[in-house]
Amino acid sequence: MRFFERGSPMAELERQMMMVPNFTPRGHGSAVLCRYRPAADMDCRSCFQHRSRGCRSLSCLCLSERLEAGAVTMEEVIAETVRPWKSLPLKQRAMGAACQAAGFYFDGRLHIMRMQEMTRGGDRTVNSRWLAAVYLLSAHATLWQKAIGVVRPGQIDFANVRLGDCTVQDYVLYRAAKGICSGMLGATSEELADPELVEDDTLLLVLCAAAAARYGPQVMRTGGKLV
């Protein structure tokens, strides 16, 4: 049906005149979709589970929403990430490292700049595992120089990475990055739990990468370092 008065002040009157007599029309309206959730509404004290009987869940059921609203700490994100892990020594060391994290950890300003360069022009559909792997590979300049040539949007050709004479920490980051892309952790629990083999900063990088792979790019904004 064609309306001649569309876009004019008479459009609504014309629509009513064209209606079938003695017929109740269906309602109409518009929906406004908004993904923004005020941080105040994400407080655990506002949660129904908390108010009704105290939240008894072993994990936060609203963590993704709280992440999007910026109402969660990195310590809590890491705690939720390592909760399913079976190695108690690794979980204990991971929580000790998480307590020192004021936000998502970057190994200096140059690390942030490398990540910004690799993710420039990206969107919210970026693969989380790829993002976490790039985060690990770009942490140290020496490792990044060896890996940057095989990194493409959405994919990493690990088979063509030539590590050569690299440090133990770079090797741990490389293995963790490769493992995360395959849905695993890469380095073993025993290795990560050993402070003599894996330094605290390296462990924190791996933990943050695991959290990013699980919860997505919004984790990297925890603490406000990556914009």
Side-chain angles (χ1 to χ4, degrees), residues 59 63-64 67 74-87 89-91 93-95 97-98 101 103-107 111-112 114-119 122-163 166-194 197-223 225-226:
S59 60
L63 187 63
S64 297
L67 267 171
M74 199 62 214
E75 181 179 355
E76 186 175 359
V77 174
I78 292 178
E80 294 293 336
T81 301
V82 305
R83 191 183 297 278
W85 297 2
K86 296 180 179 180
S87 173
L90 176 56
K91 292 174 69 172
R93 190 183 178 203
M95 289 311 303
F104 192 87
Y105 177 68
F106 288 95
D107 191 16
H111 188 194
I112 297 177
R114 296 183 198 114
M115 283 300 300
Q116 289 174 333
E117 180 66 25
M118 290 304 300
T119 56
D123 54 29
R124 297 176 65 89
T125 62
V126 65
N127 185 282
S128 297
R129 292 180 182 176
W130 175 86
L131 188 71
V134 172
Y135 161 78
L136 289 176
L137 294 175
S138 64
H140 299 162
T142 52
L143 178 60
W144 186 234
Q145 289 173 359
K146 301 175 187 297
I148 188 173
V150 302
V151 178
R152 299 288 184 274
Q155 61 181 358
I156 303 173
D157 185 8
F158 285 97
N160 286 320
V161 177
R162 300 293 179 261
L163 291 178
C166 70
T167 66
V168 173
Q169 306 310 310
D170 282 355
Y171 184 61
V172 171
L173 293 178
Y174 168 79
R175 286 182 56 193
K178 186 176 181 180
I180 283 176
C181 274
S182 303
M184 300 179 294
L185 192 56
T188 66
S189 300
E190 291 75 15
E191 291 171 336
L192 294 175
D194 187 352
L197 180 63
V198 178
E199 296 176 356
D200 290 344
D201 288 349
T202 302
L203 176 63
L204 192 53
L205 286 167
V206 174
L207 293 173
C208 287
R214 179 175 179 180
Y215 293 108
Q218 61 268 26
V219 174
M220 293 189 171
R221 299 182 179 88
T222 305
K225 292 184 179 180
L226 186 66

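Reckoned from all heavy atoms, side chains included, excluding hydrogens, waters and symmetry mates.
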* To do: Show your working on side-chain contact (heavy atoms from CB on, under 4.5 Å) between Val77 and Gln218 and close with a plain yes or no.
  => CA-CA 11 Å; Val77 174; Gln218 61 268 26; over 6 Å; no
* Where do Phe104 and Tyr135 land on the ring-ring contact (aromatic ring centres under 6.0 Å, His included) test, with the steps shown first? -> CA-CA 11 Å; Phe104 192 87; Tyr135 161 78; 4.9 Å; yes
* Report yes or no: does Arg162 contribute a side-chain atom to a donor-acceptor pair with the main-chain N or O of Lys146 at less than 3.5 Å? => no
* Between Arg114 and Glu117, is there a salt bridge with N-O shorter than 4.0 Å? -> no
* Approximate separation, where rounding is to 0.5 Å, of Leu143 CG and Cys166 SG -> 7.5 Å
* **Exercise: identify the closest heavy-atom pair between Ile180 and Ala213** => CG2-CB, 3.8 Å
* Asked: Please walk me through it: do Leu205 and Phe106 pass side-chain contact (heavy atoms from CB on, under 4.5 Å)?
  -> CA-CA 7 Å; Leu205 286 167; Phe106 288 95; over 6 Å; no
* **Closest approach of Ala211 to Val219 (non-hydrogen atoms, all atoms of both residues)** => O-CG2, 3.8 Å
* What's the verdict on side-chain contact (heavy atoms from CB on, under 4.5 Å) for Val151 and Val134, showing C-alpha distance, side-chain angles and the deciding distance? -> CA-CA 8 Å; Val151 178; Val134 172; 4.0 Å; yes
* Applying the side-chain hydrogen bond (donor to acceptor under 3.5 Å, both in side chains) test to His140, which of Thr167, Asp107, Thr202 qualifies? -> Asp107
* **Any donor-acceptor pair under 3.5 Å from Lys91 side chain to Arg83 backbone** => yes
* Are the side chain of Gln169 and the backbone N or O of Leu197 linked by a donor-acceptor pair below 3.5 Å? -> yes
* Asked: Atom CZ in Arg93, atom OG in Ser189: separation rounded to 0.5 Å?
  -> 12.5 Å
* Structure fact -> In terms of heavy-atom contacts, Ser128 and Pro217 come closest through OG-CD, 4.0 Å
* Asked: How long is the gap from OG1 on Thr81 to OH on Tyr215, to the nearest 0.5 Å?
  -> 5.0 Å
* Asked: Any side-chain heavy atom of Leu203 sitting closer than 4.5 Å to one from Val172?
  -> no
* Structure fact -> Taking every heavy atom of Met74 against every heavy atom of Cys208, the minimum-distance pair comes out as CE-SG, 4.0 Å
* Spatial distance of atom CH2 (Trp144) from atom CG (Leu173) [nearest 0.5 Å] -> 12.5 Å
* To do: Could you tell me whether the side chain of Leu131 reaches within less than 4.5 Å of the side chain of Thr119, counting heavy atoms only?
  => yes
* How close do Ala97 and Leu207 get, heavy atom to heavy atom, and via which atoms? -> CB-CD1, 4.2 Å
* To do: May I ask you to decide if Val198's main-chain N or O and Glu191's side chain share a donor-acceptor pair within less than 3.5 Å?
  => no
* Asked: Could you give the distance from CG (Leu137) to CH2 (Trp130), rounded to the nearest 0.5 Å?
  -> 10.5 Å
* Using the side-chain contact (heavy atoms from CB on, under 4.5 Å) rule, take Val150 and Phe158 through it: C-alpha gap first, then chi angles, then the decisive distance, then the call. => CA-CA 7 Å; Val150 302; Phe158 285 97; over 6 Å; no
* Asked: Given side chains that start at C-beta, do those of His111 and Ser138 come closer than 4.5 Å, heavy atoms only?
  -> yes
* **Spacing of Asp157 atom CG and Arg152 atom CZ [to the nearest 0.5 Å]** => 8.5 Å
